[in-house]
Amino acid sequence: MRGEEIVCKSKIVVIGSCNTDMVVKASRLPVPGETILGGTFYMNPGGKGANQAIAAARLGAEVTLISKIGYDLFGLQALEIYRSEKINTEFIFTDQKSPSGVALISVDSFGENSIIVAPGASRSLSVEDIDKARSKLEEADIILMQLEVPIETAEYAASIAKSYGKKVILNPAPASVLSNSFLGSVHTILPNRVEAEMLSGIKVVDADSARRAAMVIGEKGIENVVITLGKDGAYVKEKEEYTMIPAKEVETIDTTGAGDVFCGAFSVYLSENHTLTESVEFANAAAALAVTRMGAQSAIPYKREIAL
């Protein structure tokens, strides 16, 4: 039976960043110019690409991560972690000139966070690197990507994936202006409120504004739009159908990486031939579990833990 499970695993390629997260948890976030004492420090592996790759691997997919690290301790530690998660690291390239990426994260007592990312080597992932991994794109069920790597690299990868008839899932984070040609290669886009506003020009504050934003984003050439709304759930545009899917109510400890868990979980469930709505419900459940734990990758759940 176990052999059958291994054979049946869906194949997901994640194109994105590898970072090390340096996290300080304090009672509240400082205002500009203010110093707060009394925080607790954690150092964890992170990066949106790596987080989403580990989420997809723990939730049952066969995962290849395409990324770039520096030739330094952070990068080497990250590689060991990905291998321990049974992620294919064949296409994690090394940049001899740039350091591995680092994220500085502050978390308050309500679990809200502020983040600054110094992407380092992630910003040098090139179209030539993508070309080296074409065989993996061709055999994948889904290609999942974000925007902590150069946009031109992500767009190039999306165009190749589309030419192979593959589903491209785009998490447009950090928020950026994207060309319609890029968006036209995307099967499903997964923006949060801020990113949805950047893409649509509509401030997302409730279900009605989420619907209008999803409609505008859809007009750019994307059939499927899922706007993640944190504790409020997700608003889904599937072709011409619009649905609000509520989140599970949990006690939030730390929201760091919850969006990445959502993206990884959504991609896995969709790759297993579930509907878009079912995939969002599964992703909501996975993200809800993640926010009850500290950290990004340390909080990512396994499939056996998720109850729908």
Side-chain angles (χ1 to χ4, degrees), residues 11-25 40-59 61-107 113 115-137 140 143-150 153-154 157 171 173-174 254 256-257 259-261 263-264 290 293-302:
K11 294 182 178 180
I12 293 178
V13 171
V14 179
I15 302 171
S17 58
C18 303
N19 294 331
T20 297
D21 292 346
M22 297 186 180
V23 184
V24 175
K25 184 159 189 178
T40 306
F41 176 70
Y42 307 85
M43 191 166 75
N44 304 308
K48 297 191 76 62
N51 293 347
Q52 293 178 17
I54 289 176
R58 289 188 184 177
L59 294 169
E62 181 182 316
V63 178
T64 295
L65 176 58
I66 301 175
S67 189
K68 208 156 203 175
I69 56 174
Y71 187 66
D72 51 34
L73 185 60
F74 289 152
L76 295 173
Q77 284 179 330
L79 275 181
E80 288 305 309
I81 289 165
Y82 308 148
R83 288 168 183 153
S84 73
E85 298 283 351
K86 298 183 171 53
I87 291 169
N88 177 13
T89 61
E90 181 184 358
F91 298 105
I92 297 179
F93 303 100
T94 302
D95 186 332
Q96 300 289 341
K97 297 178 182 176
S98 301
S100 297
V102 172
L104 306 179
I105 303 173
S106 302
V107 183
N113 60 48
I115 304 173
I116 299 176
V117 177
S122 294
R123 298 302 297 171
S124 63
L125 187 71
S126 66
V127 296
E128 290 80 15
D129 295 326
I130 299 300
D131 277 334
K132 292 172 187 171
R134 270 179 179 261
S135 61
K136 285 297 176 186
L137 299 182
I143 289 92
L144 171 61
M145 60 180 69
Q146 331 73 35
L147 300 175
E148 287 181 343
V149 299
T153 303
N171 173 216
D254 180 10
T256 307
D260 297 329
V261 172
C263 295
R293 305 166 174 175
M294 273 299 296
Q297 291 174 14
S298 56
I300 296 170
Y302 291 86

So, using side-chain contact (heavy atoms from CB on, under 4.5 Å) as the criterion, who are the partners of [X] when residues are at least two apart?
{"X": "Ala78", "answer": "Tyr82"}
{"X": "Glu80", "answer": "Arg83"}
{"X": "Lys11", "answer": "Glu62, Glu139, Asp141"}
{"X": "Glu128", "answer": "Ser126"}

Go through the structure and list residues passing side chain to side chain donor-acceptor pair (under 3.5 Å) with Arg134, not counting sequence neighbours.
-> Asp131, Tyr156, Tyr164
Could you tell me which residues satisfy side chain to side chain donor-acceptor pair (under 3.5 Å) with Asp95, sequence neighbours excluded, listed by chain and number?
-> Ser98, Ser124
Could you check [options] and say which one makes a side chain to side chain contact (heavy atoms under 4.5 Å, CB included) with [X]?
{"X": "Val23", "options": "Thr40, Ile115, Ile105, Asn113", "value": "Ile105"}
{"X": "Ile66", "options": "Val14, Ile143, Asn88, Ile130", "value": "Ile130"}
{"X": "Ile69", "options": "Leu76, Asn19, Thr94, Thr20", "value": "Thr94"}

To the nearest 0.5 Å, tell me how far [X] [atom1] sits from [Y] [atom2].
{"X": "Lys86", "Y": "Arg58", "atom1": "NZ", "atom2": "CZ", "result": "11.5 Å"}
{"X": "Thr89", "Y": "Ile81", "atom1": "OG1", "atom2": "CD1", "result": "12.5 Å"}
{"X": "Asn51", "Y": "Ser17", "atom1": "CG", "atom2": "OG", "result": "7.5 Å"}
{"X": "Ile87", "Y": "Ile92", "atom1": "CD1", "atom2": "CD1", "result": "7.5 Å"}

Taking Thr153 for its side chain and Val149 for its backbone only, find out whether a donor-acceptor pair lies under 3.5 Å.
-> no
N/O donor-acceptor pair under 3.5 Å between Glu148 side chain and Ala173 backbone | no
Honestly, is Lys132 close enough over Phe93, meaning NZ or CZ under 6.0 Å from the six-membered ring centre and within 45° of the axis?
-> yes
Is the shortest side-chain N to carboxylate O distance from Asp254 to Arg293 below 4.0 Å?
-> no
Quick one: do the Asn171 and Gln52 side chains pair a donor with an acceptor below 3.5 Å?
-> yes
Yes or no on side-chain hydrogen bond (donor to acceptor under 3.5 Å, both in side chains) for Asp72 and Ser100, after CA distance, side-chain angles and deciding distance?
-> CA-CA 7 Å; Asp72 51 34; Ser100 297; 2.7 Å; yes
